[in-house]
Number of protein chains: 2
Amino acid sequence: MITNKNCIIRLSRYKNSLYRLQSLGFVKVFSENLADAVGVTAAQVRKDFSLFGISGNRRGGYEIGSLLEKLNTILGKDQVQKVVVVGAGHLGGALMRYNGFEKEGIKIAACFDIDPATYDRASRIPVLPIEELRAFVKDNAIRIGIIAVPDVAAAQVAEQMSNAGIRGILNFAPIRLKVPEDVTINNVNLELELENLIYFVNILNKTKAK
Amino acid sequence: MITNKNCIIRLSRYKNSLYRLQSLGFVKVFSENLADAVGVTAAQVRKDFSLFGISGNRRGGYEIGSLLEKLNTILGKDQVQKVVVVGAGHLGGALMRYNGFEKEGIKIAACFDIDPATYDRASRIPVLPIEELRAFVKDNAIRIGIIAVPDVAAAQVAEQMSNAGIRGILNFAPIRLKVPEDVTINNVNLELELENLIYFVNILNKTKAK
DNA sequence: GTATTATTGTGAAATAAATCACAATACATG
DNA sequence: CATGTATTGTGATTTATTTCACAATAATAC
């Protein structure tokens, strides 16, 4: 079982690049081409594939169509993934309006909040009371949730999600969530990303200056 | 020169946890406590500090105040960091309204777009024509930029930023940007994060099932 | 002031990830 | 059908990161 997050992210990148190559009319690809497109080494590409038992054709490279099928299976993209969002504020709203998920086979099935002013059952993506989270998650067999609430509410929401049966959480709140070990958390923290950039900009600047 | 991104992110996390501990009235902290708060091992905390020449007091732990000073210096938080956003759409708008940056000493100085309908020089955060990016960046000595435009425009914006003198880019567009090597890029890609979650939820599920 | 104890700081060891390098092999060419 | 060539697949090697383990040492107790 491969649990190297970077490796899985590379698989996603390969997949995205392959779609681009396919739409340009390409049918086959060499590890070298894919490596260039994604920004890694050719050996890394082959090693990653080898890890997942994906094989190509010596001297002939990889057939894009079948490669995509395999990657999509590994990445769970052979079916539409339904997710829920908790938090109908600025961020939750932006996520609901964002149309990049659809073409990736990800569907926001509903949004939940505690503020009745936000409720809207008639909307394309319904906004429902948080009390209905559990039932909705069960009824729709949902396993992925997005936390888009202020940090003070995040811990409680994480617990509600976990109790409801959600097994993967994308967390936008800038705090560490504690969940059972069978729940996976990916954090998106813009302050951290910016802070990180600042550090690297600073040290690279100093290095050049010397 | 430490160039391990994860290590720098841990420093940010230590810093955030330390502020929390400080606000609870704590004055000193042990590597063990910090480790618990951040979710790493105590040895990792000490090793990270050691890497940056930060030392505590054997048997007495670390004094939170001076530790924070050192971390803030390393992370470039001893002065307010001004950044620009390019793209005044949903995402750019949400970023401008987001008030989490301010308390981290990060200030969005201006936003740029190509659509005259978005221009607003009188706003708290002015929205300006992209043509003015270069002059603004120079005049305000800005080094960090956020790309919040659709993917088709991202490559061009990255080039404009890089030419204008920006040295760190936070990129929300789901494509790989090519920039000179003295420009650092951090990508935020929600589709990728979700896809990644799906993978881990799937494999953990299978593992448990067997 | 001596002994005891808790905690740091950091080389050494272990583990994880990436790269190398080359045998295996499929296709092309004559 | 033999020879040459390009590309894969992967064990071996290298590099990076984390963890271990324990000497050094500062605070505390007696």
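Protein chains get the first letters and strands the later ones, always in sequence-line order, with residue 1 at the start of each. Note that these values count all heavy atoms, side chains included, but never hydrogens, waters or copies made by symmetry.
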Ignoring the backbone of B/N4, work out which of C/dT10, D/dT17, C/dA17 is nearest its side chain.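 Shortest atom-to-atom distance from the side chain points to D/dT17.
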
Select one nucleotide: of D/dG9, D/dT18, D/dA24, the one nearest the side-chain heavy atoms of B/R58.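 Nucleotide nearest to B/R58's side chain: D/dA24.
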
Step through it carefully: locate the ring centre of B/Y98, locate the ring centre of B/F101, and say whether they are under 6.0 Å apart. yes

Return whichever of A/V40 or B/F30 has its heavy-atom-nearest nucleotide of DNA chain C closer to the 5' end. B/F30

Quick one: [X] [atom1] to [N] [atom2], roughly how many Å, whole number?
| X | N | atom1 | atom2 | result |
| --- | --- | --- | --- | --- |
| B/K47 | D/dC20 | NZ | P | 13 Å |
| B/E32 | D/dC20 | CD | P | 12 Å |
| B/I8 | D/dA16 | CD1 | P | 15 Å |
| B/K70 | C/dT8 | NZ | P | 13 Å |
| A/N33 | D/dT8 | CG | P | 8 Å |
| B/L11 | D/dT17 | CG | C1' | 15 Å |
| B/I2 | D/dA16 | CD1 | P | 13 Å |
| B/R46 | D/dA24 | CZ | C1' | 13 Å |

Could you tell me whether B/F49 contacts a base, only the sugar-phosphate backbone, or nothing, with contacts defined as non-hydrogen atoms closer than 4.0 Å?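 Counting heavy atoms under 4.0 Å across all strands, no contact is made by B/F49.
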
Respond yes when some side-chain nitrogen or oxygen of [X] is under 4.0 Å from OP1 or OP2 of [N], and no when none is.
| X | N | value |
| --- | --- | --- |
| B/N6 | D/dT17 | no |
| A/R10 | C/dA18 | yes |
| A/Y62 | C/dA26 | no |
| A/Q44 | C/dT19 | yes |

Going through the checks in order, is the side-chain hydrogen bond (donor to acceptor under 3.5 Å, both in side chains) test met by A/N72 and A/D78? CA-CA 6 Å; A/N72 281 331; A/D78 36 10; over 6 Å; no

For residues 136-152 of chain A, please give each side-chain donor-acceptor pair under 3.5 Å, one per line with the distance, not counting sequence neighbours.
unit_1 : atom_1 : unit_2 : atom_2 : d
A/K138 : NZ     : A/A164 : O      : 2.9
A/N140 : ND2    : A/F136 : O      : 2.9
A/R143 : NH1    : B/N202 : OD1    : 3.1
A/R143 : NH2    : B/N202 : OD1    : 2.8

When you look at CD of A/Q156, are more than 12 heavy atoms from neighbouring residues, nucleotides or ligands closer to it than 6.0 Å?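 Counting other residues, nucleotides and ligands, CD of A/Q156 stays at 12 neighbours or fewer.
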
D/dA27 base to B/R59 side chain: any donor-acceptor pair below 3.5 Å?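 Pair found.
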
From A/F30, A/Y14, A/F49, residue fulfilling ring pair (Phe, Tyr, Trp, His ring centres under 6.0 Å) relative to A/Y62: A/F49

Between B/D48 and A/N57, just flag the one whose closest nucleotide in DNA chain D comes earlier from the 5' side. A/N57

